[in-house]
Amino acid sequence: MARSFFLLYSLSRRRVSDSLRSLFFIPTALALTTSLFILFYISSTSTLFTSHQHRNSRLHFLQKPNGVSHKSHNLQTAIGNQPQSSPDFDSPIPNLGPTADPGGAAKPSPSSNGRTVEDETVFHDVEIFKEDYIKMNMSFKIFVYPHQRSDPFANVLLPVDFEPEGNYASESFFKKSLNNSHFITKDPSIADLFYLPFSIARLRHDPRVGIDGIQDFIKEYVYNISHKYPYWNRTGGADHFYVSCHSIGRIAINKADEVKRNAIQVVCSSSYFQASYVPHKDSSLPQIWPRLEDDPPNVTSSERKNLAFFAGTINSPVREKLVDTWHNSTQIHVHSKHLNTSYETALLDSKFCFHVKGYAVNTARIGDALYHGCVPVIIANHYDLPFADILNWKSFSIIIATLDIPSLQRILTGISNDEYAKLQSNVLDVRKHFRWHGVPVDYDAFYMCMYELWLRRSSIRVQLS
Ligand SMILES: *[C@@H]1O[C@H](CO)[C@@H](O)[C@H](O)[C@H]1NC(C)=O
Ligand SMILES: *[C@@H]1O[C@H](CO)[C@@H](O)[C@H](O)[C@H]1NC(C)=O
Ligand SMILES: *[C@@H]1O[C@H](CO)[C@@H](O)[C@H](O)[C@H]1NC(C)=O
Ligand SMILES: *[C@@H]1O[C@H](CO)[C@@H](O)[C@H](O)[C@H]1NC(C)=O
Ligand SMILES: *[C@@H]1O[C@H](CO)[C@@H](O)[C@H](O)[C@H]1NC(C)=O
Ligand SMILES: *[C@@H]1O[C@H](CO)[C@@H](O)[C@H](O)[C@H]1NC(C)=O
Ligand SMILES: *[C@@H]1O[C@H](CO)[C@@H](O)[C@H](O)[C@H]1NC(C)=O
């Protein structure tokens, strides 16, 4: 099992154009040696799969897949008649074994190493994070390909001059925050990364492009910048990134192979087992429904009279299973029709709020739950959760495998008041990392994304003659 993940990992590592391949001999040999060493390590210890202390470790990601699979019609349903060129995993995935910890998080009962939720901290390692953050904040520079207001596609390429709204606001907020941040440089020679500023959400609604034209637009955009500027060719796009929140982003880059294979994709629909997303190369963008109020209400656990809450369209087998199992429950409130109370009230009245995979692994519900101080319960197998290499999700959420839906009530009622109080206070601590601001604020969602990009910056540059 571990071997196949490593193959997957090695195969999907950044590839640079053929002419550069010979330069990769040494790193490849090193990588091979390291892989062999790690394989040996895996075979000699089983606690690896329950340990979460390996910051930045690729292995951190390997523990996430669990033995569950389900049919998903994401692409077809989400984007209509597009060819399904990167289907989600349909066939059963072998289980990592009984020690595997689904979703990288545990039920808050003591685990094999005796840790309880009360021992968990919000950051994997807050010291390393703070130290790196300061370095990142002082030195990180981004070059944005420049476009004029008069460009016919200014609406797609420039930051919006209004407050972004709706389900996919994260994409617009990122661009706006970047534009208003100190990370921008006009001098490409000092840039760490290059930003491809096209907005996939806006292309989708632009009648000149539309869903059917996005792939060609992006191919042409990359053609244009790689002919007009020397930067793309130096790395085959490996020091470039784009940002997209709509799930169409996954196929939008299908005609621009180098974008898919080399560039850093900062996307909301970040799932393992999806042909276009590579967790160690790409980065998960939190999907956040923007809220203008500055102070989210603080409602304590004793004021939350309902155990758990979900509302949403039943558009996936996982949601079907949730509703089928719990629609009559008086403790676990699941709504597939319109709500009797307001959505916000329900989030404030509940101890736990479900995020359940729909068409894609991501929805705005995690952000909604955090904002309202409700502990998220995440049922979305293979979701590469936002900032998972920085934040310790099991300190502020409950991650549950689809297979465990029938045990939900037992799991949630098994959480003691003290454990819940700790989870909820961590929710209040992390929610600032899941907020956007037009002018970015330290440690907000924008800065966290910058930190993830900084971790992924590369230093290989080759001048082709
Ligand atoms: C990050 O940089 C900005 C701009 O220089 C500065 O205002 C802010 O205090 C810095 N944050 C930290 C944590 O150093
Ligand atoms: C982008 O940044 C420029 C220069 O700082 C500023 O003049 C402009 O108003 C910003 N645009 C938006 C939409 O925030
Ligand atoms: C590429 O450049 C051409 C010529 O400048 C321009 O007409 C076209 O709109 C550009 N396409 C994209 C996608 O940027
Ligand atoms: C980048 O590479 C392409 C394809 O090899 C080539 O056509 C183009 O001229 C190069 N761009 C620059 C700026 O040299
Ligand atoms: C749920 O309640 C409905 C009537 O309200 C009943 O017909 C149905 O059998 C119940 N389902 C389960 C699984 O208990
Ligand atoms: C809403 O739910 C409450 C409690 O379940 C119930 O008493 C009330 O009649 C419901 N209102 C509507 C409009 O259905
Ligand atoms: C809510 O709780 C957070 C975290 O404890 C605190 O920082 C914030 O000031 C509180 N807000 C209000 C309105 O009490």
Side-chain angles (χ1 to χ4, degrees), residues 52 101-111 115-124 126 129 286-289 291 293-311 322 326 329-334 341-356 363-380 383 385-388 390-400 404 407-435 443-445 448:
H52 299 277
D101 182 1
K107 296 150 192 114
S109 53
S111 56
R115 290 162 63 90
T116 67
V117 70
E118 281 142 304
D119 302 323
E120 301 292 345
T121 53
V122 161
F123 285 89
H124 292 300
V126 73
F129 172 70
Q287 182 171 357
I288 295 162
W289 186 280
R291 291 190 163 78
E293 304 92 277
D294 279 338
D295 282 322
N298 284 347
V299 178
T300 59
S301 56
S302 55
E303 296 167 86
R304 294 175 182 264
K305 52 185 192 290
N306 298 326
L307 179 66
F309 162 76
F310 172 80
L322 182 78
W326 296 107
S329 167
T330 53
Q331 292 211 285
I332 294 186
H333 297 250
V334 291
T341 52
S342 87
Y343 180 56
E344 283 71 22
T345 309
L347 292 165
L348 289 171
D349 279 352
S350 307
K351 289 190 165 63
F352 296 99
C353 296
F354 290 114
H355 162 95
V356 185
T363 78
R365 285 181 186 75
I366 291 180
D368 292 344
L370 296 176
Y371 177 84
H372 291 93
C374 184
V375 174
V377 174
I378 299 160
I379 310 178
Y383 185 9
L385 289 160
F387 319 135
I390 309 168
L391 297 177
N392 175 15
W393 278 80
K394 64 178 177 173
S395 71
F396 61 91
S397 71
I398 308 291
I399 302 179
I400 285 176
D404 287 333
S407 319
L408 275 176
Q409 186 164 326
R410 186 178 54 75
I411 294 169
L412 298 181
T413 51
I415 294 167
S416 72
N417 288 343
D418 287 350
E419 285 169 336
Y420 183 81
K422 180 70 181 162
L423 284 164
Q424 208 216 3
S425 112
N426 289 341
V427 162
L428 299 183
D429 283 352
V430 294
R431 66 182 172 189
K432 63 171 170 292
H433 308 303
F434 294 84
R435 296 285 302 270
Y443 304 111
D444 71 358
M448 297 295 279

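- Taking OG1 of Thr363 as the reference point, atom CH2 of Trp289 lies at 11.5 Å (rounded to 0.5 Å).
- No side-chain heavy atom of Leu385 sits less than 4.5 Å from a side-chain heavy atom of Leu391.
- Closest of all the heavy-atom pairs between Val375 and Tyr420 is CG2-CE1, 3.6 Å.
- Closest of all the heavy-atom pairs between Glu120 and Lys422 is O-CE, 3.9 Å.
- Less than 6.0 angstrom separates the ring centroid of Phe123 from the ring centroid of His433.
- The shortest distance between side-chain heavy atoms of Leu428 and Asn298 falls below 4.5 Å.
- Two residues are said to be in side-chain contact when any heavy atoms from C-beta on lie closer than 4.5 Å; Ile366 and Tyr383 meet this criterion.
- Ring orientation note: the planes of Phe129 and Tyr443 are tilted relative to one another, at an angle of 30° to 60°.
- Of all the heavy atoms in Arg431 and Tyr371, the pair that sits closest is NH1-O, 3.0 Å.
- Using a 4.5 Å heavy-atom threshold, the side chains of Tyr343 and Asp368 count as touching.
- Using a 4.5 Å heavy-atom cutoff, the side chains of Pro386 and Trp393 are in contact.
- The NE2 atom of His372 lies 9.0 Å from the CZ atom of Arg304; values are rounded to the nearest 0.5 Å.
- Under a 4.0 Å N-O distance rule, the pair Asp349/Lys305 qualifies as a salt bridge.
- To the nearest 0.5 angstrom, Ile400 atom CD1 is 5.5 Å from Ile379 atom CD1.
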**OP:** Begin from the C-alpha positions of Asp429 and Asn426 and carry the test side chain to side chain contact (heavy atoms under 4.5 Å, CB included) through to its verdict.
**Re:** CA-CA 5 Å; Asp429 283 352; Asn426 289 341; 4.2 Å; yes
Original post:
Run the side chain to side chain contact (heavy atoms under 4.5 Å, CB included) check on Phe352 and Ile415 step by step: do they pass?
Top reply: CA-CA 11 Å; Phe352 296 99; Ile415 294 167; 3.7 Å; yes
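- Between the Ser407 side chain and the Arg410 main chain, no donor and acceptor come within less than 3.5 Å of each other.
- For the atom pair Leu412 CG and Phe354 CZ, the distance stands at 5.5 Å (nearest 0.5 Å).
- For Arg365 (side chain) and Phe310 (main-chain N/O), no donor-acceptor pair under 3.5 Å exists by modelled atom type.
- Of all heavy-atom pairs between His124 and Ala388, the closest is NE2-O, 2.8 Å.
- To the nearest 0.5 Å, the span separating CG on Leu348 from OG1 on Thr341 amounts to 10.5 Å.
- The shortest distance between side-chain heavy atoms of Val377 and Ile411 does not fall below 4.5 Å.
- Of the options Pro376, Cys374, Ser397, Ser395, a side-chain contact (heavy atoms from CB on, under 4.5 Å) to Val427 is made by Pro376 and by none of the others.
- The closest side-chain heavy-atom distance from His355 to Gln287 is not below 4.5 Å.
- In this structure, the side chain of His333 does not engage the main chain of Leu307 through any donor-acceptor pair within 3.5 Å.
- Atom-to-atom distance recorded for Gln424:CD and Leu370:CG is 11.0 Å, nearest 0.5 angstrom.
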